[in-house]
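The model shown is predicted, which means the values in this text are computed figures rather than measured ones. FYI, side chains are in, hydrogens and waters are out, and symmetry mates aren't considered; it's all heavy atoms of this structure. Numbered from 1 within each chain, the chains take letters A, B, ... in sequence-line order.
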Amino acid sequence: MSKIGAPEKLIVNGKRLDGRELKDFRPIVLESGNLKRALGSGLFNFGSTHAIAAVYGPRNLHPKWMQDPSRAVLRCTYTMAPFSTTERSRPGHSRRSTEISKVVKEALSQVIFFEEFPKAVIDIFIEIVQANASTRCAGLNAAAIALADAGIPMRDLVSCCSVGKIDGKIALDMAGLEDNFGDVDIAVATVGGTDKVVLLQLDGILSKEEFFEAIDLAVDGCAKINDMQKKVLVEKYRGEEK
Amino acid sequence: MSKIGAPEKLIVNGKRLDGRELKDFRPIVLESGNLKRALGSGLFNFGSTHAIAAVYGPRNLHPKWMQDPSRAVLRCTYTMAPFSTTERSRPGHSRRSTEISKVVKEALSQVIFFEEFPKAVIDIFIEIVQANASTRCAGLNAAAIALADAGIPMRDLVSCCSVGKIDGKIALDMAGLEDNFGDVDIAVATVGGTDKVVLLQLDGILSKEEFFEAIDLAVDGCAKINDMQKKVLVEKYRGEEK
Amino acid sequence: MSKIGAPEKLIVNGKRLDGRELKDFRPIVLESGNLKRALGSGLFNFGSTHAIAAVYGPRNLHPKWMQDPSRAVLRCTYTMAPFSTTERSRPGHSRRSTEISKVVKEALSQVIFFEEFPKAVIDIFIEIVQANASTRCAGLNAAAIALADAGIPMRDLVSCCSVGKIDGKIALDMAGLEDNFGDVDIAVATVGGTDKVVLLQLDGILSKEEFFEAIDLAVDGCAKINDMQKKVLVEKYRGEEK
Amino acid sequence: MINKNESYVRKLIEDGTREDGRGLTDFREISVKTGVIETAEGSAEVKIGNTMVLVGVKMEVKEPYPDSPNEGGFVVDAEFVPLASPDFENGPPGEEAVELARVVDRGIRESHAVDMEKLCIKEKEAAWTVHIDIHVLDHDGNLIDAASIGAMAALLDTKMPKWDADNKKIIRELKGKLPVSDKPVEITVIKIGNKLLVDPTAEEESALDARLTVATLENGELCAMQKGGDGYFTVPEIQQAVELAIDKGKELRKLL
Amino acid sequence: MINKNESYVRKLIEDGTREDGRGLTDFREISVKTGVIETAEGSAEVKIGNTMVLVGVKMEVKEPYPDSPNEGGFVVDAEFVPLASPDFENGPPGEEAVELARVVDRGIRESHAVDMEKLCIKEKEAAWTVHIDIHVLDHDGNLIDAASIGAMAALLDTKMPKWDADNKKIIRELKGKLPVSDKPVEITVIKIGNKLLVDPTAEEESALDARLTVATLENGELCAMQKGGDGYFTVPEIQQAVELAIDKGKELRKLL
Amino acid sequence: MINKNESYVRKLIEDGTREDGRGLTDFREISVKTGVIETAEGSAEVKIGNTMVLVGVKMEVKEPYPDSPNEGGFVVDAEFVPLASPDFENGPPGEEAVELARVVDRGIRESHAVDMEKLCIKEKEAAWTVHIDIHVLDHDGNLIDAASIGAMAALLDTKMPKWDADNKKIIRELKGKLPVSDKPVEITVIKIGNKLLVDPTAEEESALDARLTVATLENGELCAMQKGGDGYFTVPEIQQAVELAIDKGKELRKLL
């Protein structure tokens, strides 16, 4: 279990390696409308994990036989820039990115009013520019902002964060070494700051009780992110009104 | 010619390595309707060579420009499970499987009444689950059963077996070592137990006279398999009638 | 800079390694109608660089959504035979062949009257059979002949040749060693023997003045090739008239 | 998609019943047979109702990765062969096959049931890779659970070949069992309306709101989860699903 | 498909005649030219009527496979480049190119005309691979026979390069001929109605019921066969086709 | 294609003006920021108006090619990620991305700004490959110039990692700068009607007749060129474009 490159401990004197408390986020940066050609766009960083997202559509779906006459179809593409990881990652789709695209699409499907756009397609593109764990969470948060920025009608905003177990303790927002050498990594997304969970992925061994503690922490973290997302969208809207 | 792993002789005291006479089949197992979701299905084993086949269709062919307005189109896909061979075989299409799919499709085309289903497609999928030589023969036999099980109107059943030359003698139904280290391997398929040959592939050196002896043995073997195929279909039909 | 396999000098006693003067072409061979199944075809050799081209169309473009209702679409495919190079080249498209297909397509687009064939496609296929530098030039010259042979209405013929800088001197028609070990390689195509440049690619270091000298030499070379192309087409036309 | 009966299926389940008469937390008949493929080092055939999955394990030798020079590898591949369903006409659904493979992979990998260091033959030079291939032959729902138990059964069935280092060849005279130290099992809980149930048929799957797969160890701990579907689970629903998966996992583990 | 004239072609052949006036067992004019590609170690251009095929041989060095540590390799690839036919608009026909390559490959491989052990440079380390590329430039029928004789002509033309083991480089100063010990030739017999014929044009091929390719050795023995087409041959027809292929094979072998 | 306003754009330019009020030989506002990607050995973000390009450099170790046993490698890849433009709906334009990568590659490679021999770690065994990835995030025209200056900025920003030969691993403790000996810059001159201009927007690009990219060195010499578009340049127009590119290249080089 003592993998090459593993630090001796992930929590030293009650602090994590980057100085955080157990229930702290890394510095969060978020923006909307950061791209000019996209209909809607968003940016979301957890520390040095940087994600951007763009939304195009609703627009006509070709070929025609793929259209759904009663509602819009959602397509979601999560990719990582080749330079976003320590070892250069080959461009194109990996099995990991295919899986993440699927769970992110399902999470966002819960909130979009697809019935308003029969036969159409809505495309969401998520690009991880720099990766230091929790990339799917940053990407999903950026995508939610981009959908709102594009004016796609939604029930509410989806928000996502990671929790995990490191040195036996439940902690919020996994960073690189914690993801690689910690015990458990969990990604959770909820709708509008409630406890409605639309994305949940878990890797690593923990007890039922520890999991219940972790999911509560994650739901709480998502609610905080939901507030930030709404704030940045309101500010942008006000900025445009002036 | 003394390849690594080759046995000294393939015929010892008049018997083949697995104890068979020259003109014996390995134990044959065949079934129809073994899959539940397919419209028609079949299973055919020569000893430890196991093939299953499924038929879907006639159904509409998309895209439209590929349709034939006067008759159905047949598509045939032969694949090998990754674990079916000693060295794991990569999934997906090899040139070998492309060629076998083509000759199997042509063999079956002789018997299907395509004119009854204009614009449609009939799909046959053959999967080799376990391979010990004569896989295309087992697959074609399974496919013929699956077509009948699906109720596709046909002139007659196609039947297939291998013959070969081992230690200078013509023999029926090549098994693994005989295929790898024998002199000649031939696959033959006929229609309805007659001498109408719809598949013929030969590899290895033999004289014209030896070939004529071999093809007679193969035609005879196909007729025996044809009987077995008809029996299993009649039995299944009777079983369903009760 | 002294690469493995590089000759000491590329110009010895004022002559190039194959005995040419600086402003000589290698022996040029050109033909039209060399293929029978193609609607139009052409062959063009610079020494041992051999290119053939075939034209099919105008014909209907499928799928329909790719059609341009006001004009024909041009597709151009440049490929190299696997045995055309010293090291066998893998069949299929490389990034180099994709780029060359694009610049050749753009060069030919200047002269074709696309408006006469709405919704149609014209396909040009260029195959390098044997490569000894200047392959794109030979291919483009063959394609121009093939278009004329197919009777596609054109403003004029496009002609192409290479120029370069070897041992500090500007020279015409780069051959293999000159391309690999010379200083600069330039490909230039013009329309109808004029100075209208429709293809221009340059690799290697030279001064502005040297470049202006080189482009004049290239434009002059293209005019000579244009004469030869017209001659072979007229001869073929006369031959057919008899 | 087979969703003609979607509203009918939903109505039945909201009333607490199912088309085939099962209770919401009952599995269909399950069988797990091992040693079914002679050419594989380990194999299993799993049937759950009409669903049939074949799993084969092949042992290969590779050079270890530079960042784990004394560890072997572990790969799960899943193929939805087009024999298995009329829905696979235009090619089987890629993202579902990828998800299936990855969810089964994580359930086993994260359990540490297969010790990667024991798979090392010679540091930096040669180590075993365990290649698990999941082959779906008949698809009538609940593929994850079928594939997960099939993969564990095939691993427990796996015999170790020998490595001939001089000739860089695997000698398939089997010399012992693959060491496996735990028996993780994945159970998928489905939500339709406000009901939770297990082991859906293909028809029930087409009507689901959401699903949650939970991998549990022999000691009752959790080691992997995956939520799917366009719907949501509330936190209390997740807690209820986890409890159900722990219970059902114990039941299915007896088949190994 | 060029099948507008299918019924016309069939009627002619049933009457024992052909559009171009040939007898049923006559070939069109054939030419075989070798040494046509300077960049290849061996090459041939074959024309049969309007059909034109280029074949190039390239010698490469690879590590032998573990199960044949003292043998070289032999690969045949075929490309139907879209120059060759208006039917190749939407990409050339993949399964036909694959079949062409494999039938030509088997005709030569099974004859043992190229001794794989003579291609070994150093056991387990380096051996020559003979790479035969078939390039169809003009497709007016009977590609298998054209490609087969072209491949043999190119092999007989092949010069051996040298291997610089220190620098892992091939030095293309040619030092001798590739050893070739037999001259297998493939002849394809076509069945239209109840007639057998050879060397079909593309138009005749579009009207065929079935075809049988037979590879024969110099001593008259057979070494490979392949039946194609949706129709059938009776056993007496097969016997007749084999006799015809042996005869025509002798004729064509003179061109090598 | 965004060509609704094509005739309007052309008319403006024939009158010597542009939609955004710039002169024909004026660039939009440019910014070049380096060190923007922590995970890359070198990186740059370039904005020209609304166009935004990210460039990352990753250093990898490979065995040198047999014909250049003491040289490293140099690879440029470009991706038009579909975030960047509504035109990329059906997959980004492959041939344009390939051309972009190759034109940027040649501008740097032909300048010999990166000395390939200095990248060799051990002859025949290990050498650095400089992998430059161009990522177009927002496409409002003039990608070649943006990518070219971004690639040079990222190269000048690149720190060298160490190579641990024993464990065949790169250690990313940076120990110095990548040696870069020149600063080639590419300028693309656009022809619309009989006017030449620089730095087109996406809208202007959709109206262009032809474009000519010219790479210049610090000393004013040329090292690469590429003409694009369906139109032509006369020789005097080419001369004028080269002069313009030399001038503008000097201006942009100051940003490095």
Under 4.5 Å from any heavy atom of chain E, what part of B/Leu206 do you find: side chain, backbone, both or neither? both
Polar side chain donor-acceptor pair, E/Asp182 to E/His112, under 3.5 angstrom: no
Name the region of E/Glu243, side chain, backbone, both or neither, that has any atom closer than 4.5 Å to a heavy atom of chain B. side chain
With a distance cut-off below 6.0 Å to the six-membered ring centre and an angular limit of 45° from the axis, does B/Lys165 pair with B/Phe211 as a cation-pi contact? no
Cut-off 4.5 Å, heavy atoms of chain B, and the answer for E/Ala210 is neither
Is it the case that B/Arg155 places NZ or CZ above or below the six-membered ring of B/Phe113, under 6.0 angstrom from the centre and within 45 degrees of the axis? yes
Heavy-atom cut-off 4.5 Å, strictly under: side chain, backbone, both or neither for B/Val219 against chain E? side chain
Out of E/Val235, E/Leu222, E/Thr234, which one racks up the most heavy-atom pairs below 4.5 Å with chain B? E/Leu222
Residue among E/Cys223, E/Gly228, E/Ser111 with most heavy-atom pairs under 4.5 Å to chain B: E/Cys223
Determine, for E/Lys191 against E/Asp209, whether the closest basic-nitrogen to carboxylate-oxygen distance falls under 4.0 angstrom. no
Interchain contact, E/Ala101 with chain B, by part (heavy-atom threshold 4.5 Å): side chain
Which of E/Arg109, E/Met225, E/Glu99, E/Lys227 touches chain B most, by non-hydrogen pairs under 4.5 Å: E/Met225
Side chains of E/Thr51 and E/Asp140: do they bring a donor and an acceptor to under 3.5 Å? no
B/Val197, part contacting chain E, at a heavy-atom distance under 4.5 Å: both
E/Arg102 and E/Gln226: side chain donor to acceptor below 3.5 Å: no
